[in-house]
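Each ligand, and each atom within it, is numbered from 1 in the order the structure gives.
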Amino acid sequence: MGSGFGSGLDIGFIGLGKMGQPMARRLIEAGHKLVIYDTRGDAAAPLLALGAQLASSPANVADRVETVMASLPEPHIVAAVATGESGVIHGKRIKRFVDLSTTGSRAAADIAAALAGKNIVQIDSPVSGGVAGAVKGTLAVMVSGPQDHVDVVKDALGVFGAVFVIGHRPGMAQTMKLANNFLSATAMAATAEAVVMGVKAGLDPAIMLDVINAGSGRNTASSGKFPNAVLPRTFDAGFATALMLKDVRLCLTEAKAAGVPTDMMSMVVSLWERVASEIGADKDFTTIVQPVERRAGVIVGKILSKTASKT
Ligand code: NAD
């Protein structure tokens with residue numbers, strides 16, 4: 001692999017799942033050279049076909065490039081990939097580890113401290129905007145880390161969407177991301193209850209969403225997830241309930257540690273625990289409407305008419 005100068009960087013990418021796969025693809029399409037790794041054997045194939053090179057472990061990725069990105073499910077997996085036995089910490093070339101996962105600020109700070117011992121810089125770079133945003137390059141990309149290292153990766157991160165530099169302390173971008181996802185989780189939970197109430201009272205859910213989206217109740221659930229994944233009963237937004245539950249739990253932990261009120265957060269965590277136990281943690285997070293439907297004895301999704309009459 002080359003030095004990384006010129007139009008593209010040499011980038012390692014670990015974790016080629018729902019988000020990592022399209023983000024890695026966009027990096028290749030933007031002219032970057034990728035060395036990739038995932039524990040799922042079949043995850044690499046589409047990217048190898050586009051010219052990516054396969055590594056045998058996170059350490060092997062970090063032997064081959066200066067910049068390693070990761071998009072992994074849980075904080076303990078990120079910690080193992082970063083600092084474990086075959087983690088990037090043992091790589092010979094790595095200079096910076098860019099974590100695109102949602103891990104919370106404490107995990108980010110711990111990993112940053114461990115990597116600093118080997119002169120490797122950690123950059124938090126959690127993202128928001130879902131699989132659709134990852135495919136289109138319209139994510140909100142939150143970044144915190146030392147400015148000189150952020151400057152090296154800023155253009156590469158720009159292929160994922162709009163880059164927001166949150167600060168220079170490890171974990172600041174993670175706090176930003178948790179605040180965002182708490183609001184997204186709350187919008188899903190609240191919209192589920194509002195729409196189920198309307199359906200039980202005989203309202204058409206499609207008309208309800210039209211009105212809400214033209215009015216002051218509009219949110220990311222009413223404008224995106226409900227029309228696209230709940231009304232058609234496809235439940236395929238591409239984000240697992242387990243991951244949303246992880247995010248709201250991390251947010252609650254972080255808020256409690258900061259000594260701020262958590263009334264809403266506590267309630268929202270218990271609603272996501274309910275959907276994980278009743279519907280399944282592996283299911284799409286749009287299934288949060290299902291426990292509400294069960295209790296109400298109605299189903300949301302019968303579209304009676306496409307648009308509300310505005311007269
Ligand atoms: P995913 O489960 O689809 O993908 C994770 C990938 O990591 C999988 O391919 C898995 O095989 C791989 N993996 C697991 N352990 C590994 C290891 N030890 N070494 C190498 N690879 C390993 O998850 P996702 O939905 O793509 O989410 C990834 C991260 O992005 C999470 O932290 C999530 O919270 C965050 N996120 C997801 C979304 C979304 O809409 N899906 C949106 C924003 C942020």
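With V68 as the fixed residue, the side chain to side chain contact (heavy atoms under 4.5 Å, CB included) test singles out one of V61, V35, V98: V61.
Within the model, atoms NZ of K246 and CG of N181 stand 8.0 Å from one another, a figure rounded to the nearest 0.5 Å. Atom SG of C251 sits about 11.5 Å away from atom NZ of K256, to the nearest 0.5 Å.
For N228, there are no side-chain contact (heavy atoms from CB on, under 4.5 Å) partners, not counting sequence neighbours.
Contact shell of ligand 1 (protein heavy atoms, cutoff 4.0 Å): I14, G15, L16, G17, K18, M19, Y37, D38, T39, R40, S71, L72, P73, I77, V81, S101, T102, V127, G130, V131, K177, G238, F239, L243, K246.
With 3.5 Å as the limit, one finds a donor-acceptor pair spanning the side chains of S144 and D124.
Linking ILVMFWY side-chain heavy atoms closer than 4.5 Å, directly or via other members, places L252 and W272 in a single hydrophobic cluster.
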